[in-house]
Colleague: 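Take a look at the following structure, please.
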Amino acid sequence: MAQATERQAGAEPLAPKAGLAEGERRAAEQNAAIRLQGVRLTYANGKTDAVALGGVDLSIAGEQFVCVLGPSGCGKTSLLRVIAGYERVTEGEVTVFGRKHTAPHPEVGIVFQQANLFPWLTVRGNVEFGLKMAGLPKADRRALAMDHIGRVGLAAYASLLPHQLSGGMKQRTAIARTLATEPRIVLMDEPFAALDAITRETLQDQLRTIWSQTGKTIFFITHDVDEALLLSTRLLVMQGSPGRIVADLDNPLHAAGGSFALLRQHKQYAELRRQLVEMLKS
Ligand SMILES: Nc1ncnc2c1ncn2[C@@H]1O[C@H](COP(=O)(O)OP(=O)(O)OP(=O)(O)O)[C@@H](O)[C@H]1O
């Protein structure tokens with residue numbers, strides 16, 4: 001991705017991940033929250049197999065907020081499903097906090113585009129459900145559920161049923177449900193894609209606050225370049241046929257911090273956005 005590293009007039013380029021000394025690099029990889037080595041994933045499609053991932057190497061340190069961009073069908077969800085432990089890789093290895101990872105694990109939580117709430121349970125009931133299954137005593141699960149319902153701004157709506165909620169409230173409930181199980185890694189597959197722009201920005205802001213308060217490792221798929229720029233500490237760009245990572249960049253806006261409005265006015269914002277859009281088109 002030459003255009004990602006070339007200095008453009010009037011703007012800093014997207015910085016490729018800084019080089020580390022060999023020893024430091026190895027130590028960082030061994031302590032990684034998520035590590036993929038030579039991961040290939042082939043779906044058996046009758047006569048013609050689909051190679052969804054064609055050799056992915058990736059190391060994600062704890063507490064990073066990684067946004068993944070890429071055209072439709074390039075393998076983003078397949079990559080997320082591998083990290084979730086939902087797909088057995090055809091080749092290569094996945095480790096989570098240094099442990100070989102071949103099946104779903106409580107340390108890895110997932111939020112999908114659709115909330116998929118139990119319609120007969122209230123907001124609180126939905127958030128408590130996983131905790132009940134995990135055998136948490138009633139008082140503990142209620143306290144934990146209400147804490148996470150509060151974090152997503154739904155404390156006043158805890159007794160409502162899903163059909164009484166807006167799309168944004170349903171998605172907040174889904175986020176609270178996942179966070180309440182206290183995973184160290186949260187995988188999110190276009191969680192805000194179905195929401196209107198205002199609701200989306202509110203939830204983005206809440207998610208950023210939750211991330212900065214809890215230090216979770218977040219792996220977040222999106223088609224929205226602005227969302228990726230505003231939320232991420234690190235950006236991955238994928239291309240397909242077969243699915244692979246073609247750019248892996250530290251997000252220089254992260255260091256700038258501040259409100260989304262301020263980030264959008266940052267002198268690098270427009271140029272970074274242009275570079276990412278170019279990468280996605282190429
Ligand atoms: N269960 C499956 N069986 C067979 N092929 C699949 C399966 N799931 C995905 N694929 C194929 O794997 C490739 C990658 O799909 P994937 O859903 O990972 O892409 P994506 O980047 O997430 O797409 P989108 O942005 O549209 O959600 C595609 O060619 C798709 O057709």
Side-chain angles (χ1 to χ4, degrees), residues 1 4 34-60 64-94 96 101-105 108-116 167 170-171 174-175 178 185-197 200 203-204 207 217-232 234-249 251 273 275-282:
M1 284 286 108
I34 302 166
R35 188 171 180 205
L36 279 71
Q37 291 171 279
V39 164
R40 291 178 65 83
L41 176 68
T42 303
Y43 293 110
N45 268 355
K47 283 182 191 160
T48 50
D49 288 348
V51 183
L53 298 174
V56 174
D57 293 299
L58 176 64
S59 177
I60 299 177
Q64 284 191 346
F65 196 133
V66 179
C67 282
V68 186
L69 291 159
S72 185
C74 72
K76 301 180 296 297
T77 297
S78 298
L79 181 58
L80 179 141
R81 290 179 60 83
V82 161
I83 299 171
Y86 288 174
E87 302 287 348
R88 287 295 279 270
V89 300
T90 316
E91 263 177 52
E93 187 175 84
V94 183
V96 166
H101 184 66
T102 53
H105 189 280
V108 184
I110 306 176
V111 178
F112 294 103
Q113 188 175 336
Q114 301 300 331
N116 293 326
K170 284 182 190 154
Q171 205 54 346
I175 292 171
T178 296
I185 296 170
V186 182
L187 311 178
M188 308 184 92
D189 196 350
E190 300 187 55
F192 307 145
L195 306 177
D196 67 89
R200 187 176 184 138
L203 266 68
Q204 287 167 346
L207 179 63
T217 303
I218 300 189
F219 181 93
F220 185 107
I221 295 177
T222 180
H223 280 280
D224 182 336
V225 172
D226 293 295
E227 184 167 71
L229 275 172
L230 293 173
L231 291 178
S232 70
R234 178 176 171 189
L235 293 148
L236 302 178
V237 181
M238 290 186 70
Q239 278 177 8
S241 305
R244 64 207 185 281
I245 295 166
V246 294
D248 181 352
L249 316 149
N251 180 0
R273 191 180 189 287
Q275 290 181 21
L276 283 170
V277 171
E278 277 304 307
M279 276 189 229
L280 292 168
K281 281 195 209 153
S282 65

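Keep in mind that the numbers below use all heavy atoms, side chains included, and drop hydrogens, waters and symmetry copies. Counting starts at 1 for both ligands and their atoms, following the listed order.
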Colleague: Taking all non-hydrogen atoms of both residues, which atom of T90 and which atom of T42 are closest, and how far apart?
Modeller: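 Smallest heavy-atom distance, with atoms named: OG1-N, 2.8 Å.
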Colleague: Any non-hydrogen protein atom below 4.0 Å of atom 30 (C) of ligand 1?
Modeller: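 No, because not a single protein heavy atom sits under 4.0 Å from atom 30 (C) of ligand 1.
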Colleague: Can you tell me how the ring of Y86 sits relative to the ring of F112, calling it parallel under 30°, perpendicular over 60° and tilted otherwise?
Modeller: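 If you compare the ring of Y86 with that of F112, the planes turn out parallel.
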Colleague: Just to confirm my output: which protein heavy-atom neighbour is closest to atom 26 (O) of ligand 1, and how far is it?
Modeller: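 Answer, as residue, atom name and distance: S72 OG, 2.5 Å.
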Colleague: Does G73 have a non-hydrogen atom less than 4.0 Å from ligand 1?
Modeller: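 Yes, G73 has heavy atoms under 4.0 Å from ligand 1.
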Colleague: Evaluate the side-chain proximity of V68 to F220: yes if any heavy-atom separation is below 4.5 Å, no if none is.
Modeller: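 Heavy-atom side-chain distance check fails, nothing below 4.5 Å.
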Colleague: For ligand 1, is H223 a contact, meaning one of its heavy atoms is under 4.0 Å away?
Modeller: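 It does, in that a heavy atom of H223 comes within the 4.0 Å cut-off of ligand 1.
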Colleague: May I ask whether S241 places a heavy atom under 4.0 Å from ligand 1?
Modeller: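 In this structure, S241 fails to qualify as a contact of ligand 1 - no heavy atom is under 4.0 Å.
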Colleague: Which ligand 1 atoms, with their elements, are less than 4.0 angstrom from a heavy-atom of P71?
Modeller: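 The list of qualifying atoms is 21 (O).
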Colleague: Pick one of side chain, backbone, both or neither for how R81 approaches ligand 1, counting any non-hydrogen atom pair under 4.0 Å.
Modeller: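 Within the 4.0 Å criterion, R81 makes no contact with ligand 1.
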Colleague: Just need the protein heavy atom nearest to atom 21 (O) of ligand 1, so name the residue and atom and give the distance.
Modeller: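 Nearest neighbour among protein heavy atoms for atom 21 (O) of ligand 1, to 0.1 Å: K76 NZ, 2.8 Å.
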Colleague: Thinking salt bridges, do E227 and R200 make one under a 4.0 Å N-O criterion?
Modeller: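 Yes, E227 and R200 are salt-bridged.
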Colleague: Of the protein's non-hydrogen atoms, which lies at the shortest distance from atom 9 (C) of ligand 1, and what is that distance?
Modeller: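 For atom 9 (C) of ligand 1, the nearest protein heavy atom comes out as Y43 CE1, 3.4 Å.
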Colleague: For G75, is at least one N or O under 3.5 Å away from an N or O on ligand 1?
Modeller: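 Such a contact does occur with ligand 1.
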Colleague: Under 4.0 Å from a heavy atom of S78: give me the atoms of ligand 1 that qualify, with their elements.
Modeller: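 With S78 as reference, the close atoms of ligand 1 come out as 14 (C), 15 (O), 16 (P), 18 (O).
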Colleague: Could you go step by step and tell me if K76 and T222 meet the side chain to side chain contact (heavy atoms under 4.5 Å, CB included) rule?
Modeller: CA-CA 9 Å; K76 301 180 296 297; T222 180; over 6 Å; no
Colleague: Against heavy atoms of A52, which atoms of ligand 1 measure under 4.0 Å?
Modeller: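 With A52 as reference, the close atoms of ligand 1 come out as 12 (O).
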Colleague: Could you walk me through whether L69 and L280 satisfy the side chain to side chain contact (heavy atoms under 4.5 Å, CB included) test, starting with their C-alpha distance in whole Å, then the side-chain angles of each, then the deciding distance to 0.1 Å, before giving a yes or no?
Modeller: CA-CA 8 Å; L69 291 159; L280 292 168; 4.0 Å; yes
Colleague: Do the side-chain N and O atoms of N251 and S232 include a donor-acceptor pair separated by under 3.5 angstrom?
Modeller: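 Yes, side-chain donor-acceptor contact under 3.5 Å.
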